[in-house]
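Take a look at the structure set out below.
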Amino acid sequence: MPSADTIFALSSGAPPAAIAIMRISGPTAFDILRGLAGRVPAPRRASVCSLRSPDTQEILDQALVLVFPGPDTATGEDLVELHLHGGRAVVRAVENAIAHFSDARRAEAGEFTRRAFANGRMDLNEAEGLADLLSAETEWQRRAATKMFGGAFSTAIEEYRQDILRLSALTEAELDFSDEGDVDSQNNITITDGCKKLQQQIGQILASPPAEKLKDGLRVVLAGPPNSGKSTLLNALVGREAAIVSDIAGTTRDMIEVPVAVEGVALLFTDTAGLRDDSVDVIERIGIDRSHAAMQLADILLWLGPEGEGPTHPNLIEISAKNDLKESPSKSADAIFVSAQTGAGVSELLHIVAARAKTLLPPPDQFAINARQRAFLDDAATALAACSESTDWLIIAENLRQARRALDALTGRAHTEDLLDTIFGKFCVGK
């Protein structure tokens with residue numbers, strides 16, 4: 001449904017810059033352009049126009065203007081782009097000129113994308129993919145966001161939805177006409193098998209690593225006894241002095257977290273307090289307790305203590321971090337030998353950590369689902385499981401409706417304003 005007002009905002013980076021792109025979207029976008037430039041150029045062709053103040057007719061800028069008639073636009077509305085010279089004074093003057101028109105107002109955060117959703121140009125999953133793409137900092141994040149924004153996930157969900165609709169039609173036929181003898185006797189098997197197949201397909205998506213691992217980074221925890229070289233190794237791995245290094249046991253009292261990107265993967269390296277049982281320092285004991293908690297939450301655990309004394313962990317990597325010192329603890333051939341002082345072995349260790357991390361993330365050619373998406377998919381899978389386990393057509397029909405509602409909520413066919421506020425509030429102004 002078209003919006004009643006027209007919005008505008010700077011959609012490029014903050015000035016000063018070489019170019020500043022101002023977007024105007026809404027029913028009077030072309031009227032506003034006519035008031036600024038004296039004309040509306042041909043659609044979808046770049047035109048140079050002199051933009052003038054509506055009050056004084058003073059020239060504000062020589063701009064490149066692009067006109068996009070709705071509904072086939074990014075927002076589904078009439079849309080204008082003004083490619084301005086990117087000085088602060090130019091941008092401010094044009095913004096003030098647009099604000100002069102009574103039916104124009106400054107856009108709120110995410111409002112352009114929200115209008116695209118409202119006008120059917122994208123669904124919620126694609127909108128979230130766009131938000132992730134705008135905030136992507138690593139190659140892995142960019143690839144997953146591109147898949148989501150490109151509609152790969154939404155396409156799969158729509159296929160599931162159509163399958164559920166077909167199963168619902170068969171179920172309704174059983175409810176309405178089974179006593180008339182003209183319903184296929186294989187419907188029961190078809191419906192049961194169809195629900196099981198859909199449940200399995202959704203289950204495969206649910207079994208994939210969550211998108212939050214891509215965004216927040218995999219936790220790589222360095223653990224071991226005091227003076228085992230954890231802080232020195234952390235500094236070598238992240239390439240800066242992030243942790244204080246000292247020969248005094250108990251120097252590291254609390255966790256130190258440093259986010260970095262390695263081989264296109266976001267990682268969160270965490271230095272922890274040295275593990276020992278004989279500390280009488282209350283503060284150090286708190287740090288040790290936090291170290292144990294961090295080890296339990298670690299996606300990858302780098303153990304710098306004696307071999308065989310580390311915790312049981314599916315992604316434990318044995319480290320000999322003082323390989324240049326005679327007192328370095330003995331390690332097996334499976335351990336990674338590094339010297340944080342000389343840098344020997346550090347690059348190899350980073351490569352090994354990155355390779356291990358990539359096995360814990362969604363493949364780069366697939367989308368990754370977030371907590372909101374996972375919750376609705378889980379609801380749909382639960383409803384489909386109930387369908388395949390029941391022989392009561394009324395129960396099957398209701399669970400199929402519940403599965404469809406979950407998918408509709410997933411794509412935004414069914415939504416609440418609070419949900420939309422949360423999702424689109426993540427965008428910057430101008431998107």
Side-chain angles (χ1 to χ4, degrees), residues 117-118 120 122-129 144 147-213 362-363 366-424:
F117 165 73
M122 65 174 63
D123 66 15
L124 284 186
N125 301 309
E126 292 166 333
E128 287 180 304
K147 284 291 181 181
M148 184 64 71
F149 174 51
F153 180 59
S154 296
T155 298
I157 296 305
E158 182 58 24
E159 290 176 357
Y160 299 157
R161 185 176 180 277
Q162 292 300 322
D163 287 341
I164 291 174
L165 286 172
R166 285 191 287 271
L167 294 173
S168 295
L170 291 176
T171 302
E172 295 297 333
E174 287 287 353
L175 282 169
D176 295 339
F177 306 114
S178 58
D179 58 341
E180 298 180 11
D182 59 353
V183 177
D184 189 343
S185 60
Q186 293 298 311
N187 277 358
N188 194 350
I189 297 175
T190 299
I191 294 169
T192 300
D193 289 349
C195 290
K196 288 181 179 178
K197 181 180 178 181
L198 282 172
Q199 181 192 358
Q200 291 171 355
Q201 292 173 335
I202 293 175
Q204 290 176 352
I205 298 178
L206 288 170
S208 65
E212 285 74 15
K213 293 294 184 183
Q366 293 183 12
F367 50 77
I369 60 173
N370 59 33
R372 182 193 74 86
Q373 295 161 337
R374 187 174 296 274
F376 286 122
L377 276 183
D378 187 63
D379 290 344
T382 300
L384 289 168
C387 289
S388 61
E389 295 169 358
S390 178
T391 57
D392 187 315
W393 291 116
L394 285 173
I395 293 177
I396 292 173
E398 177 57 28
N399 278 296
L400 284 171
R401 281 191 287 271
Q402 291 294 338
R404 190 171 69 251
R405 289 192 191 102
L407 297 186
D408 286 346
L410 183 59
T411 58
R413 290 175 185 264
H415 59 79
T416 65
E417 288 302 310
D418 288 343
L419 173 63
L420 297 185
D421 289 343
T422 299
I423 291 176
F424 293 109

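Only a predicted model underlies this, so the values are computations on that prediction, with no experimental measurement involved.
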Quick one: do D379 and R405 satisfy salt bridge (Lys or Arg N to Asp or Glu O under 4.0 Å)? Show the steps, please.
-> CA-CA 9 Å; D379 290 344; R405 289 192 191 102; over 6 Å; no
Please assess M148 against Q366 for the test side chain to side chain contact (heavy atoms under 4.5 Å, CB included), listing each intermediate value before the final yes or no.
-> CA-CA 8 Å; M148 184 64 71; Q366 293 183 12; over 6 Å; no
Where do F149 and M122 land on the side chain to side chain contact (heavy atoms under 4.5 Å, CB included) test, with the steps shown first?
-> CA-CA 9 Å; F149 174 51; M122 65 174 63; 4.0 Å; yes
Side chain to side chain contact (heavy atoms under 4.5 Å, CB included) between Q402 and E398, worked out | CA-CA 6 Å; Q402 291 294 338; E398 177 57 28; 2.9 Å; yes
Intermediate values then yes/no, side chain to side chain contact (heavy atoms under 4.5 Å, CB included), L407 and L377 = CA-CA 7 Å; L407 297 186; L377 276 183; 4.2 Å; yes
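Contact detail for G151 and E126: the closest heavy-atom pair is CA-OE2, 3.5 Å. For the pair G412 and F117, the tightest heavy-atom approach, listed with the atom from each and the gap, is O-CZ, 3.5 Å. The two atoms that bring F376 and A406 nearest to each other are O-CB, 3.5 Å, heavy atoms only. Minimum heavy-atom separation, A381 to Q199: O-CG, 3.9 Å. In plain terms, the two heavy atoms of N125 and S154 that are nearest each other are CB-OG, 3.6 Å.
R374 places a side-chain N or O within 3.5 Å of a backbone atom of L206 that can act as its donor or acceptor partner. In this structure, the side chain of S390 does not engage the main chain of C387 through any donor-acceptor pair within 3.5 Å. Looking only at distances, a side-chain donor or acceptor of R372 sits under 3.5 Å from a matching main-chain atom of L410. S208 contributes a side-chain N or O that, together with a main-chain N or O of I205, makes up a donor-acceptor pair within less than 3.5 Å.
Partners of R166 by salt bridge (charged side-chain N to carboxylate O under 4.0 Å, His left out), not counting sequence neighbours, listed by chain and number: D163. Remark: K147 engages no residue in a salt bridge (charged side-chain N to carboxylate O under 4.0 Å, His left out) (not counting sequence neighbours).
Rounding to the nearest 0.5 angstrom, the gap separating the OG atom in S388 from the NZ atom in K196 is 6.0 Å. The NZ atom of K197 lies 10.0 Å from the OH atom of Y160; values are rounded to the nearest 0.5 Å. Rounding to the nearest 0.5 Å gives a distance of 9.0 Å between CZ of F153 and CG of D123. If you take CD on Q373 and CD1 on I157, they are separated by 8.5 Å, rounding to the nearest 0.5 Å. With rounding to the nearest 0.5 angstrom, the CG atom of L400 is 9.0 Å from the CG atom of L198.
The side-chain heavy atoms of S168 and R401, taken from C-beta on, include no pair separated by under 4.5 Å. Counting only heavy atoms from C-beta outward, the side chains of T391 and I396 never approach each other to under 4.5 Å. Between I191 and W393, the closest side-chain pair of non-hydrogen atoms falls below 4.5 Å.
There is no side-chain donor-acceptor pair under 3.5 Å between Q201 and E159. In the model, N399 has no side-chain atom that pairs as donor or acceptor with a side-chain atom of R404 under 3.5 Å. In this model, no donor atom of one side chain and acceptor atom of the other lie less than 3.5 Å apart for E212 and N370. At a cut-off of 3.5 Å, with distance as the only test, a side-chain donor of Q162 or E158 sits close to an acceptor on the other residue.
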